[in-house]
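Inspection log for the structure reproduced underneath, given as structure tokens.
Both backbone and side-chain heavy atoms feed into the values below; hydrogens, waters and symmetry mates do not. Here is the naming used below: chain letters follow the sequence lines, and residue numbers restart at 1 for every chain.
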Amino acid sequence: MRLSRYFLPVLKETPADAQIASHRLMLRAGMIRQQAAGIYSWLPLGYRVLRRIEQIVHEEQQRAGHIPLLMPTLQPADLWQESGRYNAYGPEMLRIRDRHDRDILYGPTNEEMITDIFRSHVSSYKDLPLTLYHIQWKFRDEVRPRFGVMRGREFLMKDGYNFDLTREDALHAYNRHLVSYLRTYERMGLQAIPMRAESGPIGGDDTHEFLVLADTGESGVFYDSEITDLRFGDRDIDYDSVEQCQGVLEEFTSRYARTDDTHDEAVFQEQVPEARRREARGIEVGQIFYFGTKYSEPMGATVATQGGERVPVHMGSHGIGVSRLVGALIEANHDENGIIWPEGVTPFHCGIVNLKQGDAAADGACEDLYKALRAKGLDPLYDDREERAGAKFATMDLIGLPWRITVGPRGLKNGVVELTCRRTGESEEMTPEAAVARVAEIYAGI
RNA sequence: CGGGGCGUAGCGCAGCCUGGUAGCGCGUCGGUUUUGGGUACCGAAGGCCGCAAGUUCGAAUCUUGCCGUCCCGACCA
């Protein structure tokens, strides 16, 4: 993309309403525009990041064998009356009345609807196990939205639902989700720690939240410092293997790690040596639940067993806060100059800064770089504006592309351009061809 | 939902107390200049001063109500 033809409304000054780094930077980098309290438009740059995160979630869900579908944002109230949650949910649920005076609602979650879909099409144990998911906008009418997209009212979320014949099968689904979530977050360049959590209004017997450590997190967390050394890495997991999934779960959840909701100081002190006890704050970016027959029983989601008996299915639900992750990623990856995107989610793979627009050598070298990078399947952002070098650098730093190729007449005289890493600030001079090769190599494994 | 702010140009703000021609900086547009970390100068455009009612000869300014929005707390992914 050529910046002169793109839409990137960056702000020099910080909007007064933004309090935390991610919100401030998303506004300044022209990623979002607030339309109402907790409701945002996603401008092109922000939309690119959102879509990349969404894409990673899709890929990892399907790798784990889960099946995508798409349910509507608006739901009829009667499904919720059936489950008993229409009255239980409270004012957080946005309730609307249509022209025929029918009660509908903007879905805060989809357990009822997915259960309805399941019960009308599945009736045999032979169709199990089944895990369906979608990535869809939700609405929760928070009393006090804040922190930009981290706690908006409208938010994009992946929510998935597993249907299993037995409790054991459902617990495997739970474990499988935990494993796939670890892998999902790691691909985004995030460490998200599974922590034992309260079940909240979704309800359930077993639940873990995934938290990204950040000072601006909404939850207090307590954990064994050894847990931050764990890496999922690129291990090859058979998602159908009960043992393998169970093993990963044990590895990642055996050490003490809890949010303040479930924190038990006595247990913490007993299980964790003092030197390894950590107290910090975290941003919740996902949660997994096992809730058994909580919805299948009242809503009649049953299947016939081998013996012909009809039994309610065992279910769980699992969420990843896709839009919230954009904010969480920035909270975990920024400095005083702006955002620093991990390679896995960056809106553009690298930036090209032309220090002297209009200089034949510089313009030509930039065009060549631009084409060469694209030929490698990369997506560069070429700053071809008639701006001073300082302004271009400041913009690049702000929007946080992990790599920058700087091209100027001075370097070109020696046949070199400069490749700079946004995170470390280190830069190296090399030929344009070498820079293209290096950037391509960096992204080859991502 | 309790407590406290704030709504004036795209953004950041002053003016309000003490009523009388709506301002500044950034950005934008035109020009000159400059060109390796937000360059300098000249010029220009851009406002129902959140909305409504009231007081007044006269309201951005005072009063009342409403709306929006932000912060702290409670709540929440």
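- The shortest side-chain heavy-atom distance between Tyr185(A) and Val285(A) falls under the 4.5 Å cut-off.
- For U21(B) and G36(B), the C1' atoms lie 48 Å apart once the distance is rounded to whole Å.
- Inter-residue side-chain proximity for Glu331(A) and Val212(A) is flagged as unmet; no heavy-atom pair is nearer than 4.5 Å.
- Within the 4.0 angstrom heavy-atom criterion, no nucleotide atom of any strand lies near Met157(A).
- When the P atom is compared between A60(B) and C1(B), the two are found 33 Å apart, to the nearest whole Å.
- To the nearest angstrom, C1' of C1(B) lies 13 Å from CD of Glu92(A).
- The phosphate of G68(B) (OP1 or OP2) has no side-chain N or O of Gln34(A) nearer than 4.0 angstrom.
- Gly319(A) comes within 4.0 angstrom of nothing in the nucleic acid, heavy atoms only.
- Checking the phosphate oxygens (OP1, OP2) of C76(B), no side-chain nitrogen or oxygen of Arg140(A) falls inside 4.0 Å.
- Nucleic acid contact for Gly411(A): base, since at least one base atom lies under 4.0 Å from a heavy atom of the residue.
- One C1' atom belongs to A40(B), the other to A52(B), and the distance between them is 48 Å to the nearest Å.
- For the residue pair Gln191(A)/Thr228(A), the side-chain donor-acceptor check at 3.5 Å is not satisfied.
- In this structure, U32(B) forms a base pair with A40(B), meeting either the Watson-Crick or the G-U wobble geometry with both donor-acceptor distances under 3.5 Å.
- Comparing the P positions of C72(B) and C11(B) gives a spacing of 22 Å, expressed to the nearest Å.
- Of the N and O atoms on the side chains of Asn162(A) and His318(A), at least one donor lies less than 3.5 Å from an acceptor on the other residue.
- Look at CZ on Arg388(A): it is 15 Å from P on U33(B), rounded to the nearest Å.
- For the 3.5 Å distance criterion, the side chains of Thr131(A) and Arg176(A) qualify, holding a donor opposite an acceptor.
- Judged by the 6.0 Å and 45° rule, Arg277(A) forms no cation-pi pair with Tyr256(A).
- Judged by atom type and distance alone, Glu13(A) reaches the base of G25(B) through a side-chain donor-acceptor pair under 3.5 Å.
- A gap of 26 Å separates the C1' atoms of C42(B) and G37(B), to the nearest Å.
- Relative to the side chain of Ala37(A), the nucleotides G36(B), C75(B), U69(B) differ in distance, and U69(B) lies closest.
- Atom CE of Met93(A) and atom C1' of C76(B) are 15 Å apart (whole Å).
- Atom pair Phe147(A):CZ and U69(B):C1' shows a separation of 16 Å (rounding to whole Å applied).
- Taking atom P on both nucleotides, U32(B) is separated from C49(B) by 37 Å, rounded to a whole Å.
- Heavy-atom distances to RNA chain B give each of His23(A) and Pro409(A) a nearest nucleotide, and the one nearer the 5′ end belongs to Pro409(A).
- Note on Arg33(A): nothing from the nucleic acid sits closer than 4.0 angstrom, heavy atoms only.
- Comparing the C1' positions of U28(B) and G68(B) gives an interatomic distance of 27 Å, to the nearest angstrom.
- Across the strands present, C1(B) finds its partner in G73(B); the criterion is a Watson-Crick or G-U wobble pair with both atom distances under 3.5 angstrom.
- G58(B) and G73(B) are spaced 47 Å apart, taking the P atom of each and rounding to whole Å.
- For the pair Lys12(A) and G27(B), the criterion of a side-chain N or O lying under 4.0 Å from OP1 or OP2 is met.
- Shown for residues 320-351 of chain A: residues whose heavy atoms fall under 4.0 angstrom of RNA chain B, namely Arg324(A).
- Counted within 6.0 Å of OH on Tyr47(A), heavy atoms from surrounding residues, nucleotides or ligands total 12 or fewer; the atom is thus considered open.
- Dashed line: the shortest gap from a side-chain N or O of Arg144(A) to OP1 or OP2 of C1(B) is not under 4.0 Å.
- Across all strands shown, U56(B) forms no Watson-Crick or G-U wobble pair with both distances under 3.5 Å.
- Each of Gln19(A) and Val285(A) was assigned the nucleotide of RNA chain B with the nearest heavy atom; the assignment lying further toward the 5' end belongs to Gln19(A).
- Sparse packing is recorded around CZ of Arg438(A), with 12 or fewer heavy atoms of other residues, nucleotides or ligands lying under 6.0 Å away.
- Between Phe118(A) and Phe163(A), a ring centre-to-centre spacing shorter than 6.0 Å is recorded.
- Using N1 to N3 plus N6-O4 or O6-N4 for Watson-Crick, or N1-O2 and O6-N3 for G-U wobble, each under 3.5 Å, C66(B) pairs with G50(B).
- Regarding Leu43(A), its CG atom lies at a distance of 13 Å from the P atom of C11(B), rounded to whole Å.
- Summarising the local packing, CZ of Arg33(A) is surrounded by 12 or fewer heavy atoms from other residues, nucleotides or ligands at distances under 6.0 Å.
- Across the protein-nucleic acid pair, Tyr40(A) atom OH and C70(B) atom P stand 6 Å apart, rounded to whole Å.
- Counting only heavy atoms from C-beta on, Arg146(A) has its side chain closest to A74(B) among C70(B), G36(B), A74(B).
- Figure legend. G19(B) is base-paired to no nucleotide; pairs are counted as Watson-Crick or G-U wobble with both atom distances under 3.5 Å.
- Atom pair Ile399(A):CD1 and G37(B):C1' shows a separation of 16 Å (rounding to whole Å applied).
- Rounding to whole angstrom units, CG of residue Leu355(A) and P of G38(B) are separated by 12 Å.
- Counting any heavy atom pair closer than 4.0 Å across all strands shown, Thr395(A) reaches a base atom.
- One donor-acceptor pair, N or O on each side, does fall under 3.5 Å between the base of G38(B) and the side chain of Arg28(A).
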